[in-house]
Amino acid sequence: MSAKYHQCPFCSYSAFRADYMKKHIRIHTGERPFKCPKCDKTFSRKDTMKTHMIIHQSEWSLSNAGETSAKPAKNEKRFQCVSCPYKTSRTDDIKKHIMLHTDERPFQCSFCVKSFKQKSNLNSHLRTHTGERPFHCPQCDKTFSRKDSMKFHVIIHHSKWYAHNDL
């Protein structure tokens, strides 16, 4: 008995299961049949929509946080990610963290088709198009598009200076 494979009509992808192929084809068609009941955002996969809904659970926790009689301690890590052990005291941090568990990439490059989960990653990527190099070595004239590249340069080439200074 030979295995029956499902071939994508748009590319070379093939799958043994029809449901895998159905999910794959949405990449090409842009179909997003799953709608968040809280904010009407749409998704190509049901599991991604469910992960997205964690954001609303965090918002619910926030709106009801004042209903408890005890005031939370400053910097108490009361927002827990439901997908991993991460905890934080800040709602902005939990929302940013939750994006790591979804396939949402809301920050789109205006020069190419790439998109990113975090704005800081988009900003770093944009420098590949613009040629901007805002990070300057404090010891020489070399410039860098990324701060970590500049720090690495200083450690490698200016280790004596680095040992006595903070970047």
Side-chain angles (χ1 to χ4, degrees), residues 11 13 19-20 22-138 142-156 162 165-167:
C11 72
Y13 177 82
D19 58 329
Y20 289 174
K22 187 176 181 180
K23 288 178 186 177
H24 168 79
I25 288 176
R26 290 184 190 132
I27 293 169
H28 301 292
T29 64
E31 180 188 11
R32 299 170 74 84
F34 303 100
K35 187 169 101 174
C36 174
K38 297 282 186 182
C39 70
D40 294 336
K41 190 166 188 153
T42 58
F43 301 88
S44 61
R45 295 174 48 144
K46 189 174 188 175
D47 61 328
T48 307
M49 180 204 55
K50 285 182 176 181
T51 306
H52 158 82
M53 290 177 68
I54 296 166
I55 292 170
H56 300 300
Q57 290 173 355
S58 296
E59 289 169 352
W60 182 87
S61 297
L62 252 181
S63 64
N64 291 303
E67 293 178 14
T68 60
S69 57
K71 185 177 180 183
K74 187 176 183 182
N75 295 327
E76 178 186 345
K77 294 182 176 182
R78 57 189 181 170
F79 300 105
Q80 165 83 48
C81 177
V82 297
S83 300
C84 75
Y86 178 81
K87 282 183 158 185
T88 183
S89 60
R90 296 172 36 109
T91 57
D92 289 346
D93 290 347
I94 195 70
K95 287 178 183 180
K96 188 190 304 183
H97 171 81
I98 288 168
M99 291 293 286
L100 299 175
H101 296 293
T102 72
D103 67 356
E104 289 183 72
R105 294 176 170 268
F107 302 101
Q108 175 73 46
C109 177
S110 56
F111 294 96
C112 70
V113 297
K114 286 191 173 187
S115 58
F116 300 88
K117 292 182 178 195
Q118 296 181 349
K119 190 174 184 178
S120 60
N121 292 342
L122 169 63
N123 290 338
S124 181
H125 168 77
L126 285 171
R127 292 187 202 115
T128 64
H129 298 292
T130 65
E132 181 187 11
R133 299 171 70 85
F135 303 101
H136 301 269
C137 173
K142 202 153 172 75
T143 59
F144 302 87
S145 62
R146 293 175 33 168
K147 188 173 186 176
D148 61 334
S149 299
M150 183 270 295
K151 284 183 175 183
F152 183 73
H153 162 82
V154 170
I155 291 167
I156 298 300
Y162 177 73
N165 294 281
D166 210 11
L167 289 179

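Please read all numbers here as calculations on a predicted model, not as lab measurements.
- Under the rule for a ring-ring contact (aromatic ring centres under 6.0 Å, His included), the partners of Tyr86 that lie at least two apart in sequence or sit in another chain are His97.
- Screening residues 107-124 for side-chain hydrogen bond (donor to acceptor under 3.5 Å, both in side chains), with sequence neighbours left out, gives no hits.
- Counting all heavy atoms, side chain and backbone alike, Phe144 lies closest to Lys142 at CZ-CG, 3.5 Å.
- To the nearest 0.5 Å, atom OH of residue Tyr13 and atom SG of residue Cys11 are 9.0 Å apart.
- Judged by distance alone, the side chains of Thr143 and Arg133 do bring a donor and an acceptor atom under 3.5 Å apart.
- The shortest heavy-atom contact between Ile94 and Cys81 is CD1-N, 3.7 Å.
- In this structure, CZ on Phe107 lies 12.0 Å from CG on Leu126, to the nearest 0.5 angstrom.
- When each of Glu132, Arg127, His125 is checked for a side chain to side chain donor-acceptor pair (under 3.5 Å) with His129, only His125 meets the rule.
- Taking 4.5 Å as the limit, some side-chain heavy atom of Phe111 sits within range of a side-chain heavy atom of Thr130.
- Note that the OG1 atom of Thr29 and the NZ atom of Lys22 stand 11.0 Å from one another [nearest 0.5 Å].
- Contact record, Val154 with Cys137: CG2-SG, 4.0 Å, taken as the closest heavy-atom pair.
- Nearest approach of Phe34 to Ser44, heavy atoms of both residues: CE1-O, 3.6 Å.
- Among residues two or more places apart in sequence or in another chain, the side chain to side chain donor-acceptor pair (under 3.5 Å) test is passed with Arg146 by Asp148.
- In this structure, OG1 on Thr88 lies 11.5 Å from CD on Glu76, to the nearest 0.5 angstrom.
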